[in-house]
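The structure displayed is predicted, hence computed values, not measured ones. When a ligand or atom number is given, it counts from 1 through the structure's own listing order. All values below were derived from every heavy atom in this structure, side-chain atoms included, with hydrogens, water molecules and symmetry-related copies excluded.
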Amino acid sequence: MKVLASAKEAIENFSMPDKVGFGKVLLPIMATCEFKRGEWGELEIRPYAKLELDPTCKVLHYGQEIFEGMKAYNYKGNGPNLFRPLENFKRFNHSARRMAMPEVPNEIFVNAVNTITKMGENFIPKRSGESLYIRPFMIATENNLGIKPSEEFLFMVIASPVESYFSGGSYKVLIERQMVRACPGGMGTAKTGGNYAGALNSGVRTQKLGLHQSLWLSASDRKSIEELSGMNFFAVIDGEIHTPELTETILDGITRRSLIDIARSKGLKVIERKMSIDDLIEDIKSNKCTECFSCGTAAIITPICSLHEESGERYNVKEEFGPTTKMLRETLLGIQEQTVEDQFNWVVKL
Ligand SMILES: *Cc1c(COP(=O)(O)O)cnc(C)c1O
C-alpha cells in the first residue's frame with residue numbers, strides 16, 4: 001500500500017462544516033486499486049479527486065458495478081470501530097461473482113477501509129447516531145463498446161462523515177404492485193447499481209403520493225413481501241417477529257441478520273417465512289400486527305407507520321414506533337456505539 005504525501009496533506013488541511021447531512025460531505029481522501037492483465041495492482045491512498053474515464057468505458061454502458069455500505073463509529077471518542085466489516089467484504093465478493101467481476105483480495109479491501117477510517121478518525125462525528133459512512137465500490141473500466149465482461153476494473157473506497165440518518169420520523173410505504181425489483185435467477189442478492197436504477201421509477205411515484213419508500217413484492221407470485229429498495233422488512237405479529245425468508249430475490253442484509261440474533265438472544269421468537277401481503281394487511285386491520293419496520297446500515301431501523309395502495313387506500317399500523325422496534329434499535333445502536341455489551345463480537349476496533 002502506498003499513502004501519497006498529498007493525501008496526508010489533504011487530511012491535515014481538511015475542515016469539516018458544522019452540518020454534514022448524509023453523504024454530502026466527503027473525506028478529502030480516497031483509496032484506489034486497479035485490476036489489469038488478470039491481477040490487482042498496488043492499493044493507493046490519494047487525495048479525493050474526480051475520475052477520468054473514457055466515454056466507452058464499460059461501466060457507463062453496461063452497468064458492471066458493485067458497492068457496499070458500512071459504518072465506522074466513534075461515539076464519545078471511544079472508537080473508531082467498524083461493525084461486522086468481514087460480512088461486507090464477503091458480500092462484496094458475492095456481488096463481484098454475480099456481476100462477472102474479479103474478487104477483491106481480503107488484504108486490499110481491509111487495508112483500504114481501515115486506512116481511510118484511521119486517517120479520517122478526527123472527522124468521525126462523536127454524537128449518538130453519527131458515524132463515518134464508508135462506501136467501497138468497483139467499476140468496469142475497460143475502454144470498448146463490446147458486450148463482454150470488462151478485463152479492467154477500478155476498486156475504490158470513499159467515506160462520508162454523516163449525522164443520524166434517522167430523523168425520528170417513520171415511513172409511509174407504497175405497496176409496489178406494478179413493477180418488480182428482482183426476479184429468480186436475477187441479481188437481487190447482489191449490491192449493484194442496476195437494482196437501484198430499476199427501483200427509481202417506483203421511488204418517483206412513491207414521492208408523488210407523499211410517501212417515503214416502496215415495498216417490493218415477489219416477481220413470481222406478486223403477493224409475497226420481499227423488501228424495500230435498500231432496506232429489509234420486519235413486522236411484529238402477535239408479539240412475534242416476522243421477516244421474509246431469504247430467497248434469491250432478497251438482499252441478505254447484515255442489519256437484518258444482526259437484529260434476528262439480538263431478538264433471539266432476548267428470548268423473542270423470530271420467524272423467517274414467506275409473508276403474503278394480503279395476510280399482513282389483514283393482520284394490520286385486525287391489530288394482530290402491531291409494529292412494522294425497515295432496517296439497513298444507513299438508517300439502522302426506521303419504523304413504518306402505514307402501508308398504502310396506489311389507489312389511495314391506506315392501512316395504519318397500530319404503533320408508530322412500538323416497543324419491539326425501539327428495543328431492537330437501541331440494542332443494535334448500543335452495540336455499535338459500545339454502550340451495550342457486544343456479546344456477539346461484532347465490533348472491530350481499529
Ligand atoms: C444494502 C441493502 C440492504 C441492507 O443491507 P445492510 O447490510 O443491512 O446494510 C437491504 N436491501 C437492499 C436492496 C440493499 O441494497
Side-chain angles (χ1 to χ4, degrees), residues 22-23 63 65-73 82-96 98-99 109 113 129 131-138 159-160 162 164-166 171 173 176 179-183 186-203 206 212-219 224-234 243-263 270 272 275 292-302 304 325 328-329 331-333 335-336 344 346-348:
F22 194 96
E65 186 268 357
I66 59 170
F67 67 93
E68 266 305 320
M70 52 204 290
K71 276 177 172 178
Y73 294 84
L82 297 165
F83 183 72
R84 308 188 77 178
L86 187 63
E87 301 305 316
N88 295 96
F89 165 70
K90 286 190 210 154
R91 190 170 63 191
F92 194 74
N93 281 339
H94 165 81
S95 301
R98 179 62 184 84
M99 304 308 287
F109 189 93
V113 167
S131 59
L132 183 69
Y133 183 79
I134 304 165
R135 171 56 60 87
F137 64 103
M138 174 164 41
S160 171
V162 296
S164 178
Y165 194 81
F166 183 71
Y171 287 145
V173 163
E176 175 54 80
M179 298 180 177
V180 294
R181 190 194 80 93
C183 62
M187 54 194 196
T189 64
K191 249 180 140 60
T192 182
N195 287 334
Y196 280 72
L200 294 176
N201 176 294
S202 174
T206 296
H212 306 107
Q213 289 282 331
S214 315
L215 179 63
W216 297 93
L217 304 178
S218 154
S224 307
I225 298 171
E226 300 212 308
E227 59 174 317
L228 312 182
S229 302
M231 283 171 278
N232 293 110
F233 177 83
F234 281 82
T243 190
E245 66 190 351
L246 292 179
T247 62
E248 55 182 320
T249 49
I250 295 180
L251 191 119
D252 181 0
I254 298 161
T255 316
R256 173 188 178 279
R257 260 192 269 151
S258 305
L259 293 175
I260 291 174
D261 288 349
I262 290 171
V270 183
E272 296 176 75
M275 288 180 77
C292 290
F293 62 86
S294 63
C295 72
T297 296
I300 312 179
I301 287 185
T302 308
I304 294 170
T325 308
L328 289 172
R329 185 172 201 284
T331 309
L332 179 57
L333 186 62
I335 293 173
Q336 291 167 334
F344 306 98
W346 284 336
V347 171
V348 174

Seminar exercise, completed: Under 4.0 Å between heavy atoms, the region of R181 that gets near ligand 1 turns out to be side chain
Exercise. Can an N or O of E227 be found at a distance shorter than 3.5 Å from an N or O of ligand 1?
Worked result: yes
Exercise. Is the shortest heavy-atom distance from the side chain of P85 to the side chain of M70 under 4.5 Å?
Worked result: yes
For this session: Could you establish whether G69 and ligand 1 come within less than 4.0 Å of each other, counting only heavy atoms on the residue side?
Result: no
Problem set entry | Aromatic contact, F22 with Y133 (centres under 6.0 Å) | yes
Problem set entry | M70 heavy atom under 4.0 Å from ligand 1 | no
For this session: Check whether the side chains of S258 and R84 place a donor and an acceptor atom closer than 3.5 Å, and report yes or no.
Result: yes
Exercise. Any side-chain heavy atom of L215 within less than 4.5 Å of one from V173?
Worked result: yes
Exercise. Under a heavy-atom criterion of less than 4.0 Å, does S229 contact ligand 1?
Worked result: yes
Problem set entry | Nearest option to atom 3 (C) of ligand 1, as decided by whichever heavy atom of G296, G230, A298 sits closest | G230
For this session: Salt-bridge test for R257 and D252: reply yes if a basic N is under 4.0 Å from a carboxylate O, no otherwise.
Result: yes
For this session: Answer whether the closest heavy-atom distance between the side chains of T243 and R256 falls below 4.5 Å.
Result: yes
Exercise. Is there any N or O on K191 that sits under 3.5 Å from an N or O of ligand 1?
Worked result: yes
Exercise. Side chains of F67 and R135: does their closest heavy-atom pair fall under 4.5 Å?
Worked result: yes
For this session: Report, in ascending order of atom number, the atoms of ligand 1 lying under 4.0 Å from any heavy atom of N232.
Result: 10 (C)
For this session: Could you tell me which atoms of ligand 1, counted from 1 in the order shown, lie closer than 4.0 angstrom to a heavy atom of G253?
Result: 5 (O), 6 (P), 7 (O), 8 (O)
For this session: Check whether any heavy atom of E68 sits under 4.0 Å from an atom of ligand 1.
Result: no
